[in-house]
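Have a look at the structure below before the remarks.
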Amino acid sequence: MTDPKLKVLISSDRIQARIRELGEQISQDYPEGTLHFIGILKGATFFLTDLARAMKRDVSIDFMGISTYGKGKTSSGEVKVTKDLDISLEGVDVVIVEDIVDSGITLNYLLHLLEQRRPRSLRIAALLDKPERRLRPVHVSYVGFAIPDQFVVGFGLDHAERYRNLDDICVVEESAGIASGA
Ligand code: IMP
Ligand code: MG
């Protein structure tokens, strides 16, 4: 797709190479037992399917839908579950798979919620991290790329539901009317 408003920040080749590394690393960290990936809809689906295929061991997958209100405007962002999990987490090793950590409000909430379901362990893998934007503390065990405070699209990330299916992660030029962190 060629769109003059888009500038490639992380190419498809770099994304795929990094996902292979993460797959090796996570596989080594969980040599045995049941490992369960939870993808956060919809942005994380592209990362999750590639990461699952980069794993050197069996992994089960599930999805959760979340919506966040008040993000960036207040420090008390409200999070709502719009689609809950199908599979129990009790006693299994869980990795939450997310597209990007921004304020940290979504994942901070989700960690507390999922802890209550008594997984054996709970960690986060995020393709992208914008550490400068953090409002809530979140420990991300597996980070694909740390990026500056810029609004990005592609590889699952959208702006108003557009651009998710780009192979590369791109910055949308400001003239397109997208403020940073929108
Ligand atoms: P947080 O609760 O602020 O950490 O929100 C993270 C969510 O905001 C991500 O799962 C994305 O859906 C969305 N988001 C944050 N930054 C961007 C971006 O640069 N592009 C697209 N979506 C973003
Ligand atoms: Mg998201």
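As a basis for the values below, the full set of heavy atoms in this structure was taken, side chains included, without hydrogen atoms, waters or symmetry mates.
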Using side-chain heavy atoms (C-beta onward) and a distance below 4.5 Å, is V95 in contact with I38?
no

Under 3.5 Å, which donor-acceptor pairs do the side chains of residues 54-62 form with other protein atoms, sequence neighbours left out?
unit_1 : atom_1 : unit_2 : atom_2 : d
R57    : NH1    : Y30    : O      : 2.7
R57    : NH1    : G33    : O      : 3.3
R57    : NH2    : G33    : O      : 2.5
S60    : OG     : L35    : O      : 3.4
S60    : OG     : H36    : ND1    : 2.7
D62    : OD2    : D86    : N      : 2.8
D62    : OD2    : I87    : N      : 3.0

Are the charged groups of E173 and K5 less than 4.0 angstrom apart, N to O?
no

Is there a side-chain contact between I169 and V8 (heavy atoms, below 4.5 Å)?
no

Paired with I40, the side chain to side chain contact (heavy atoms under 4.5 Å, CB included) test is passed by just one of D99, I96, V97, namely I96

>> Quick test of your reading of the model: are R20 and D50 salt-bridged, counting only N-O distances below 4.0 Å?
In response: no

**Prompt:** T106 and T68: side-chain donor and acceptor closer than 3.5 Å?
**Reply:** yes

Exactly one candidate in I10, N165, D167, I19 meets side chain to side chain contact (heavy atoms under 4.5 Å, CB included) with F155; the answer is I19

* Counting only heavy atoms not in E161, do more than 12 sit closer than 6.0 Å to its CD atom? -> yes

Quiz prompt | Any donor-acceptor N/O pair, R53 side chain to T49 backbone, under 3.5 Å | solution = yes

With sequence neighbours left out, the residues meeting side-chain contact (heavy atoms from CB on, under 4.5 Å) with R120 are D93

Correct closest heavy-atom pair for Y142 and D29 would be OH-OD2, 2.6 Å

- Is the shortest heavy-atom distance from the side chain of I100 to the side chain of D129 under 4.5 Å? no

message = Please check: side-chain N/O of S103 versus main-chain N/O of R134, any donor-acceptor pairing under 3.5 Å?
response = no

